[in-house]
Amino acid sequence: MRLIGPNCPGIISPGKTKVGIMPGHIHRPGSIGVISRSGTLTYEVVDQLTRAGLAQSTCIGIGGDSIIGTSFIDHLRRFKADPETTGVVIIGEIGGSAEEEAAEYVSREFPKPVLAFVAGQTAPPDKRMGHAGAIISGGKGKAEDKIKALESAGITVVRNLGRFGEAAVAVMKKA
């Protein structure tokens with residue numbers, strides 16, 4: 001048994017199983033893995049993926065609190081080993097260093113295409129934005145630093161959430 005994360009929306013493998021509050025009707029069985037710190041943005045991205053014809057293998061909402069259950073890397077390892085998953089989406093947000101750690105892992109060990117979005121790009125420092133983990137503190141956890149780390153690892157970062165679906169199609173077609 002694994003604790004996905006506190007205050008998270010759960011996990012869904014469309015057509016197979018669902019634990020949590022993910023809205024099942026927007027998910028379709030397919031090959032794109034999704035790992036997200038933000039519940040609501042997970043639903044937005046999945047809806048765009050589905051409308052763009054990119055269905056999902058498994059979608060995991062790990063939550064964004066400062067005390068975690070599983071990390072991006074835990075799930076990237078699983079997606080790496082999963083022959084049904086051909087590409088991965090990471091939805092991050094300000095605060096902490098999880099996205100930077102995931103970027104380092106991807107650059108070293110992850111062969112599949114990865115897209116990312118980082119929420120909180122316009123958040124002011126030292127202000128809590130949403131839940132406990134979404135705070136830029138002591139100069140760490142800024143969106144711009146996360147984006148730089150992700151791009152340096154070869155991950156395509158989508159800066160406009162409204163264009164995530166079309167960006168995902170372009171990246172996955174290249175792969």
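Just so you know, these numbers use all the heavy atoms, side chains as well, and skip hydrogens, waters and symmetry mates.
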Roughly how far, to the nearest 0.5 Å, is the [atom2] atom of [Y] from the [atom1] atom of [X]?
X    : Y    : atom1 : atom2 : value
Y43  : H27  : OH    : NE2   : 8.0 Å
F79  : S57  : CZ    : OG    : 4.5 Å
I62  : T70  : CD1   : OG1   : 6.0 Å
C8   : I60  : SG    : CD1   : 10.0 Å
D145 : I94  : CG    : CD1   : 12.0 Å
Q121 : L161 : CD    : CG    : 9.5 Å

Non-hydrogen atoms of [X] and [Y] that approach each other most closely:
X    : Y   : value
K146 : R37 : NZ-NH1, 4.2 Å
V89  : I91 : CG1-CG1, 4.0 Å
P29  : A55 : O-CB, 3.1 Å
D65  : P6  : OD2-O, 3.4 Å
K112 : T85 : NZ-O, 2.6 Å
E44  : Q48 : OE2-NE2, 2.8 Å

Inset, instruction - Start with the C-alpha gap between E99 and K148, add the side-chain angles, then the distance that decides, and say whether salt bridge (charged side-chain N to carboxylate O under 4.0 Å, His left out) holds. - result: CA-CA 10 Å; E99 294 79 4; K148 183 178 178 183; over 6 Å; no
Legend entry - Pair Q56-T50, side-chain contact (heavy atoms from CB on, under 4.5 Å): steps then yes or no: CA-CA 8 Å; Q56 308 83 47; T50 298; 3.0 Å; yes
Inset, instruction - Count the heavy atoms of every other residue, nucleotide or ligand shown that sit under 6.0 Å from CZ of R2, and state whether that count exceeds 12. - result: no
Inset, instruction - Give a yes or no on whether E109 atom CD has more than 12 heavy-atom contacts from other residues, nucleotides or ligands under 6.0 Å away. - result: yes
Legend entry - Pair T58-S13, side-chain donor/acceptor within less than 3.5 Å: yes
Would [X] and [Y] show up in the same hydrophobic cluster when neighbours are defined by side-chain heavy atoms closer than 4.5 Å?
X    : Y    : result
V46  : M172 : yes
V171 : F164 : yes
L41  : I35  : no
V118 : V158 : no
I12  : L54  : yes

Inset, instruction - Take V45 and F117, measure what side-chain contact (heavy atoms from CB on, under 4.5 Å) needs, and give me the verdict at the end. - result: CA-CA 9 Å; V45 167; F117 177 79; 5.5 Å; no
Inset, instruction - Start with the C-alpha gap between E104 and E101, add the side-chain angles, then the distance that decides, and say whether side-chain contact (heavy atoms from CB on, under 4.5 Å) holds. - result: CA-CA 5 Å; E104 186 177 319; E101 292 162 13; 5.7 Å; no
Inset, instruction - Test L49 against every option in V169, L115, V34 by the side-chain contact (heavy atoms from CB on, under 4.5 Å) rule and name the one that passes. - result: V34
Inset, instruction - Please say which of V114, I73, V88, L150 ends up in a side-chain contact (heavy atoms from CB on, under 4.5 Å) with V106. - result: V114
Inset, instruction - Carefully, step by step, assess E93 and S38 under the rule side-chain contact (heavy atoms from CB on, under 4.5 Å). - result: CA-CA 7 Å; E93 61 185 26; S38 169; 3.9 Å; yes
Legend entry - Sidechain N-carboxylate O distance under 4.0 Å for D74, R78: no
Legend entry - Side chain proximity check, R77 to Y105, heavy atoms < 4.5 angstrom: yes
Inset, instruction - Spell out, as yes or no, whether a donor-acceptor pair under 3.5 Å connects the side chain of T42 to the backbone of G61. - result: no
Legend entry - Residues R51, E166; criterion salt bridge (charged side-chain N to carboxylate O under 4.0 Å, His left out); working and verdict: CA-CA 10 Å; R51 289 174 188 260; E166 68 186 62; over 6 Å; no
